[in-house]
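Following: one structure in structure tokens, then a few remarks.
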Protein chains: 2
Amino acid sequence: MTKKVKNNKRQLILEEAAKLFKAKGFGGTSMRDLGAQVGMEAASMYNHINSKDEILELICFHVSNTYVSQLAQIEQTETSYVEKIKALIHLHIRLMIEDGAAVSVANNDWKYLTNDKLEAFKEARKNYEKGFAALIEQGIAAGELQPVNTSVALFTILSAVRWVELWYRPGRGITAEELEENIMTLLLNGIAK
Amino acid sequence: MTKKVKNNKRQLILEEAAKLFKAKGFGGTSMRDLGAQVGMEAASMYNHINSKDEILELICFHVSNTYVSQLAQIEQTETSYVEKIKALIHLHIRLMIEDGAAVSVANNDWKYLTNDKLEAFKEARKNYEKGFAALIEQGIAAGELQPVNTSVALFTILSAVRWVELWYRPGRGITAEELEENIMTLLLNGIAK
DNA sequence: TAGATAAACAAACGTTTGTTAGTTTATCGA
DNA sequence: TCGATAAACTAACAAACGTTTGTTTATCTA
């Protein structure tokens, strides 16, 4: 019980931190800013977390672990490569909509990770990109996709999906499903007639 | 002559600042960091610039002014809408390759602009996006483009082009021309067969 | 209810921040 | 060569930073 309460406060700190880091950047967010948002003195937060750096680490690796484990799962399903790629795009958009602040931090503030944490994060991302690229390559080899440059295709997809973080608001007159379908159609079929 | 030397030093400071802001963020870059990169004490730079904020402003508005004026020029050329959109994509990719650090700062650190400068920058960007969106809409109306959601198409294009900043290196085995062609093909035709 | 533990606080720490002031060095026209 | 101006320097500033300390308050267990 005691542990559960502790985890809740800790979780609250992480959530508010993600929001503030997204809005003002890691360096632009002070522990006093964060404390004010959480409703606590900056010093008090050290009862729940070890350091400002640790907050960033927990947010970044939460996101990267999600991507990595979901990729592993998708790789093992028995569907076409097009379907697998669609599933990954789906994952990206959904995670962005549901946990936008954390994804944003993992996208933009990962570079403030230090030493081995920074290396580990870069390594995880590189492996994820490799796995994603392999699916595209196999899709081309299987004749399901156009023979595009794999790297260009990979990064175009990843980037095209990133803007959702900057643009999507629940009241923009477009649902998550519509948004997803529009993006997928665009990436798969292009805009030209 | 004296003025020219002054401008050169000032330009050097702006260029090194763009590199550092890109690498470590605006907040993560101290005036002492910047001075070391420029080869000068932090205090000495105040002979050439007025404040750290001013450096950010000069970089951001240099980029946004380029976009705005180029858009105006493209709008007035007499070609198809597809060609106009291609010209804009071309502009984005070229500017990213030639002045990547500044573009990166304008993309990521503009939020640290203050007061009226922040508002002015947001306004300029909004107008640019409106102009770009109008071209897409007219392209659809003219039957040149698929009837996609205009906003989704706009932001997918803008984002797809942004990753160049994160990925492109002169020695990656792909020329700027090839890169550009690959991205355009992808955005116009998609990856599906 | 007494004792222990968790979680809040205010105050202070040593650094680092952007910036200013005062001074010295280099450059250049007269 | 002298005097002026530009541009570098060192030293210091107040403010803000992440974090630690010591203490008080609240909560749960026995």
Side-chain angles (χ1 to χ4, degrees), chain A residues 1-60 105 109-115 117-118, chain B residues 1-60 105 109-115 117-118:
Chain A
M1 185 64 165
T2 302
K3 193 67 176 297
K4 198 147 201 177
V5 171
K6 178 174 180 180
N7 282 348
N8 281 347
K9 275 285 167 62
R10 186 182 156 104
Q11 195 56 38
L12 175 63
I13 292 172
L14 293 179
E15 283 166 16
E16 296 302 322
K19 287 188 213 166
L20 280 184
F21 290 173
K22 172 177 176 178
K24 318 203 293 172
F26 178 70
T29 304
S30 74
M31 292 298 284
R32 287 165 181 85
D33 288 340
L34 180 53
Q37 204 67 26
V38 172
M40 195 183 284
E41 290 301 313
S44 304
M45 290 189 292
Y46 286 82
N47 287 317
H48 305 282
I49 50 101
N50 292 315
S51 68
K52 191 188 179 190
D53 284 340
E54 191 200 46
I55 295 177
L56 181 63
E57 290 163 16
L58 289 169
I59 295 172
C60 287
V105 171
D109 290 335
W110 59 267
K111 54 186 156 190
Y112 305 117
L113 292 169
T114 48
N115 308 328
K117 299 290 180 181
L118 175 60
Chain B
M1 185 66 167
T2 302
K3 193 66 179 297
K4 198 145 200 179
V5 170
K6 180 174 178 180
N7 282 347
N8 281 346
K9 274 285 167 59
R10 187 182 156 103
Q11 196 55 40
L12 176 64
I13 291 172
L14 293 178
E15 285 166 14
E16 295 302 322
K19 288 188 213 165
L20 280 184
F21 290 173
K22 172 177 176 176
K24 321 204 292 175
F26 179 72
T29 303
S30 73
M31 291 299 282
R32 287 165 181 83
D33 288 340
L34 180 53
Q37 204 67 25
V38 172
M40 198 184 283
E41 290 300 312
S44 305
M45 291 188 293
Y46 286 82
N47 287 317
H48 305 280
I49 51 102
N50 292 316
S51 68
K52 191 189 180 189
D53 283 340
E54 190 200 45
I55 295 176
L56 181 63
E57 289 162 16
L58 289 169
I59 295 172
C60 286
V105 171
D109 290 336
W110 59 268
K111 54 186 157 191
Y112 305 115
L113 291 169
T114 49
N115 308 326
K117 299 291 180 180
L118 175 60

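Reminder, nothing fancy here: chain letters follow the sequence lines and each chain counts from 1.
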request  = Can you tell me which residue pairs pass the side chain to side chain donor-acceptor pair (under 3.5 Å) test with a partner in residues 51-60 of chain A, sequence neighbours excluded?
outcome  =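 Pairs touching residues 51-60 of chain A that pass the test: A:N50-A:E54.
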query = Taking the inter-plane angle between the rings of A:F21 and A:F26 on a 0 to 90° scale, is it parallel (under 30°), tilted (30 to 60°) or perpendicular (over 60°)?
reply =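 If you compare the ring of A:F21 with that of A:F26, the planes turn out perpendicular.
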message = Could you work out, with side-chain hydrogen bond (donor to acceptor under 3.5 Å, both in side chains) as the rule, every residue matching A:N115, not counting sequence neighbours?
response = none
Set out, line by line, the N/O atom pairs under 3.5 Å between protein and nucleotides 25-27 of chain D.
none

ask   = Could you give all pairs that pass the salt bridge (Lys or Arg N to Asp or Glu O under 4.0 Å) test and reach residues 30-49 of chain A, with sequence neighbours left out?
value =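 Those involving residues 30-49 of chain A are A:K24-A:D33.
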query = Does any donor-acceptor pair link the side chain of B:N47 with the base of D:dA8 at a separation under 3.5 Å?
reply = yes
inquiry  = Within the 4.0 Å limit for protein heavy atoms, which parts of nucleotides 13-20 of chain C are touched? Write it as a string from 5' to 3', B for base, S for sugar-phosphate only, - for none.
reply    = ----BBBB
message = Applying the side chain to side chain contact (heavy atoms under 4.5 Å, CB included) criterion to A:M45, which one of A:I55, A:I13, A:L12 satisfies it?
response = A:I13
inquiry  = Is the phosphate of D:dA6 approached by B:H48 (side-chain N or O, under 4.0 Å from OP1 or OP2)?
reply    = no
Phosphate OP1/OP2 of C:dC9 contacted by A:S44 side-chain N/O (<4.0 Å) =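 For A:S44, the contact criterion (side-chain N or O under 4.0 Å from OP1 or OP2 of C:dC9) is met.
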query = Is A:K9 close to A:N47 at the side-chain level, that is, under 4.5 Å between some pair of heavy atoms?
reply =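 Not touching, per the 4.5 Å side-chain cut-off.
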ask   = Which of the following nucleotides, C:dC9, D:dA8, D:dC9, is nearest to the side chain of B:E41?
value =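 Out of C:dC9, D:dA8, D:dC9, the nucleotide with an atom closest to B:E41's side chain is D:dC9.
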By side-chain contact (heavy atoms from CB on, under 4.5 Å) - contacts of B:Q37 (at least two apart) =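 Once residues adjacent in sequence are excluded, the partners of B:Q37 under the side-chain contact (heavy atoms from CB on, under 4.5 Å) criterion are B:E16, B:L20.
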inquiry  = If I take atom CZ in residue B:R10 and atom C1' in nucleotide D:dA8, what distance separates them, rounded to the nearest angstrom?
reply    =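 It works out to 18 Å between those atoms.
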remark   = In terms of heavy-atom contacts, A:K22 and A:V105 come closest through N-CG2, 4.0 Å
